[in-house]
Amino acid sequence: MAPDALLASSRHADWLIVDEAAAIPGPLLEKLVRRFPRVLLTTTVQGYEGTGRGFLLKFCGRFAGLQRYSLSAPVRWAAGCPLERVVASALLFDDTLLDRRPEGEVHLTSLTSATWESRPALAASVYELLCAAHYRTSPLDLRRMMDAPGQQFAVAEANPVIAGALWLVEEGGLSPELSRAVWAGFRRPRGNLVAQSLAAHGGCPLAATLRGRRVTRIAVHPHRQREGIGQALIRSASGEDYLSVSFGYTDELWRFWQQCGFVLVRMGSHREASSGCYTAMALLAQSDAGRLLCEQAQQRLKRDARVLSAWNGEKIPVEDEWEATLNHDDWLELAGFAFAHRAFSTSVAALTRLLLTVDMPLPALRGKMEGKTEDVGRKALLAKLRSETAQAIESLDYPRCQQLKEDILQWQFFQ
């Protein structure tokens, strides 16, 4: 049975058996586990077919009385197979680093991709720790770490193994023309995950022009956690305008990023398939421009939180500063939705305020807000929503609406 179908059903049994349990989002799997009296979870934990040690450390670690059994005899090849040894060595399958305890004082060191040549054993240890601590890893991650541009690493060195590691990637620095095109939905260039999201889902068309570094992975050795090593690694990092992070939201994870000084600036509208959580994005300002961006983005989230929480069915952990009146940012957002390609989920709060402001039927918009479904295709419905939004803002202030339309349509043309 599909996991979500099983949860939705009223079936009961003495045993629940889950194959490749680590492939199921943690929150969904936890609900299943707590529903049945006896549970057997089988899963691969070593190599890219599995999840490193992330499943054992993060998921299984929360259950008392867990009985664990490991299969060490190979099934698909002969014991001692030379080809298997070559593959395991080339792709760094070794995860015994977590079995050794880092001792003594920790020293923070900055690394670059060149460390693979100068100190290959240290670079491999960094990768092994980051790989073991996270749910999803592929050989592409190893390739990126070795040769992708714009990377920075910080390591908490101890004896005999490292105690923590941080992996940062550079983002932002888009031209003003490209940043505006991203905001309007005319362009989605590859890369720049958070920088593009700040423009595409935020209120500032020039957000992606700022430069920052995104925390792509951070890990602390299980034997040295809750000593402040993770926070020390973050303090050692720097970005020109900000540090950023994108993560599957849980209260525990958010407490860590709060303790590091980050502020929440976005909560996604859909649950991630891999984690079962909403995507959250947070920033730590590093410059005056970065502080202004953080303040604007968080203020927007607070102002929209009531609508977004109702729409997602998930409380957003910020103060509720709802306002029913349209402001300048709302006008820009509404024009971007009506005349460009801004997403409905991004514009939903401004659209809610619009419906409170105008006295017009707007059946598609009002029906969408009330959760009613229309007997039309998705593209046709979106076109109706954009058309009704254009009619509504034109009725409020036609000259202002036309000027915004003219400006935004020009943003699709850039060099």
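If you read the sequence from its start, that first residue is 1, and numbering goes on from there.
Using a distance-only test at 3.5 Å, with no hydrogens or angles considered, a donor-acceptor pair links the side chain of Thr250 to the main chain of Leu253. Although no hydrogens or angles enter the test, the distance criterion places a donor-acceptor pair under 3.5 Å between the side chain of Asn312 and the main chain of Gly268. A donor-acceptor pair is defined here as one N or O able to donate and one able to accept, closer than 3.5 Å; such a pair exists between the side chain of Thr112 and the backbone of Ala114. Between the Arg386 side chain and the Phe337 main chain, a donor and an acceptor come within less than 3.5 Å of each other. Side chain of Glu388 to backbone of Ala364: a donor-acceptor contact under 3.5 angstrom is found. When atom types are taken as modelled, the side chain of His201 and the backbone of Trp183 share no donor-acceptor pair closer than 3.5 angstrom. Side-chain atoms of Gln298 do not come within 3.5 Å of backbone N or O of Val265 as any donor-acceptor pair. Using a distance-only test at 3.5 Å, with no hydrogens or angles considered, no donor-acceptor pair links the side chain of Thr115 to the main chain of Ala123. Between the side chain of Gln231 and the main chain of Gly228, no donor-acceptor pair closer than 3.5 Å is present. In this structure, Thr209 contributes its side chain and Leu174 its backbone to no donor-acceptor pair below 3.5 Å.
For NZ of Lys31, the number of neighbouring non-hydrogen atoms (other residues, nucleotides, ligands) closer than 6.0 Å is 12 at most. Counted within 6.0 Å of CD on Glu319, heavy atoms from surrounding residues, nucleotides or ligands total 12 or fewer; the atom is thus considered open. Under a cut-off of 6.0 angstrom, the local environment of CZ in Arg11 is sparse, with at most 12 non-hydrogen atoms contributed by other residues, nucleotides or ligands.
Of the inter-residue distances, the one linking Cys204 atom SG with Gln296 atom CD reads 5.5 Å to the nearest 0.5 angstrom. Considering CG of Asp288 and CG of Asp241, their distance stands at 9.5 Å, rounded to 0.5 Å. Considering CG of Leu365 and CG of Leu354, their distance stands at 7.0 Å, rounded to 0.5 Å.
Qualifying side-chain hydrogen bond (donor to acceptor under 3.5 Å, both in side chains) partners for Arg35, counting only residues two or more places apart in sequence or in other chains: none. Remark: Arg378 pairs with no residue by the side-chain hydrogen bond (donor to acceptor under 3.5 Å, both in side chains) rule, at least two apart or across chains.
In plain terms, the two heavy atoms of Met267 and Ala280 that are nearest each other are SD-CB, 4.0 Å. Shortest non-hydrogen contact noted between Leu293 and Ala207 is CD1-CB, 3.9 Å. Scanning both residues, Cys401 and Ala390, for their nearest heavy atoms gives SG-O, 4.5 Å. Heavy atoms only, all atoms of each residue included: Cys294 and Leu283 are closest at SG-CB, 3.4 Å. A pairwise comparison of heavy atoms in Leu409 and Phe413 identifies O-CE1, 3.7 Å as the closest pair. Considering all non-hydrogen atoms of both residues, Pro205 and Ser179 come closest at O-OG, 2.6 Å.
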Chi angles and distances behind the side chain to side chain contact (heavy atoms under 4.5 Å, CB included) call for Leu97, Ser125: CA-CA 7 Å; Leu97 177 143; Ser125 294; 3.8 Å; yes

Would you sort out whether Val307 and Leu351 count as a side chain to side chain contact (heavy atoms under 4.5 Å, CB included), showing the intermediate values? CA-CA 10 Å; Val307 174; Leu351 290 168; over 6 Å; no

Test log, rule side chain to side chain contact (heavy atoms under 4.5 Å, CB included), inputs Val215 and Ser244: CA-CA 6 Å; Val215 178; Ser244 68; over 6 Å; no

I'd like to know whether Met281 forms a side chain to side chain contact (heavy atoms under 4.5 Å, CB included) with Phe262, so could you lay out the CA-CA distance, the side-chain angles of the two residues, the decisive distance to 0.1 Å, and finally the verdict. CA-CA 9 Å; Met281 291 186 178; Phe262 284 74; over 6 Å; no

Does the salt bridge (Lys or Arg N to Asp or Glu O under 4.0 Å) test come out yes or no for Asp141 and Arg217, once each step is laid out? CA-CA 11 Å; Asp141 294 303; Arg217 293 198 176 190; 3.7 Å; yes

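Using a 4.0 Å cut-off between a side-chain N of Lys or Arg and a carboxylate O of Asp or Glu, Glu252 and Arg226 qualify as a salt bridge. Salt bridge Arg306/Asp320: present, at least one basic N to carboxylate O contact under 4.0 Å. With respect to the salt-bridge test (charged N to carboxylate O, under 4.0 angstrom), the residues Lys302 and Glu295 do not qualify. Salt bridge status for Glu103 with Arg101: present, with a side-chain N to carboxylate O gap under 4.0 Å.
In this structure, Val75 and Leu71 have side chains that are in contact, with non-hydrogen atoms separated by less than 4.5 Å. Counting only heavy atoms from C-beta outward, the side chains of Trp257 and Leu284 never approach each other to under 4.5 Å. Looking at Pro189 and Val182, their side chains come closer than 4.5 Å, going by heavy atoms from C-beta outward. Looking only at side-chain heavy atoms (C-beta outward), Val220 and Leu129 stay at 4.5 Å or farther from each other. Annotation: side chain of Leu16 is not in contact with side chain of Leu40 (no heavy-atom distance under 4.5 Å). No side-chain heavy atom of Thr279 sits under 4.5 Å from any side-chain heavy atom of Tyr249. You'll find the side chain of Arg266 reaches within 4.5 Å of the side chain of Ser197, heavy atoms only. Residues Pro139 and Leu142 have side chains not in contact (no heavy-atom distance under 4.5 Å, counting atoms from C-beta outward).
The aromatic rings of Trp254 and Phe247 sit parallel, their planes meeting at an angle under 30°, below the 60° perpendicular limit. Between Phe186 and His341, the ring planes are perpendicular. Angles over 60° get that label, and only those under 30° would be called parallel.
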List the atom pairs, donor and acceptor, that lie under 3.5 Å between side-chain atoms in residues 327-336 and the rest of the protein, sequence neighbours left out.
residue	atom	partner	partner atom	Å
Asn327	OD1	Asp329	N	3.1
Asn327	OD1	Asp330	N	2.8
Asp330	OD1	Arg303	NH1	3.2
Asp330	OD1	Arg353	NE	3.4
Asp330	OD1	Arg353	NH2	3.0
Asp330	OD2	Arg303	NH1	2.9
Asp330	OD2	Arg303	NH2	2.9
Asp330	OD2	Asn327	N	3.1
Asp330	OD2	Arg353	NE	3.0
Glu333	OE1	Arg300	NH2	2.8
Glu333	OE1	Arg342	NH2	2.7
Glu333	OE2	Arg342	NE	3.1
Glu333	OE2	Arg342	NH2	3.4
Glu333	OE2	Ser347	OG	2.6

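The residue from Arg190, Arg213, Arg214, Arg211 that alone fulfils the salt bridge (charged side-chain N to carboxylate O under 4.0 Å, His left out) condition with Glu171 is Arg214. Checked options Leu108, Leu168, Val155; the residue passing with Leu233 is Leu108 (criterion: side chain to side chain contact (heavy atoms under 4.5 Å, CB included)).
Checking Gln196 against Arg188 by side-chain atom types alone, no donor-acceptor pair falls below 3.5 Å. Between the side chains of Trp411 and Glu177, no donor-acceptor pair of N or O atoms lies under 3.5 Å. Between Gln286 and Glu240, the side chains place no donor N or O within less than 3.5 Å of an acceptor N or O (distance only, hydrogens not considered). Counted by atom type alone, Thr42 and Glu20 present zero donor-acceptor pairs between their side chains at under 3.5 Å.
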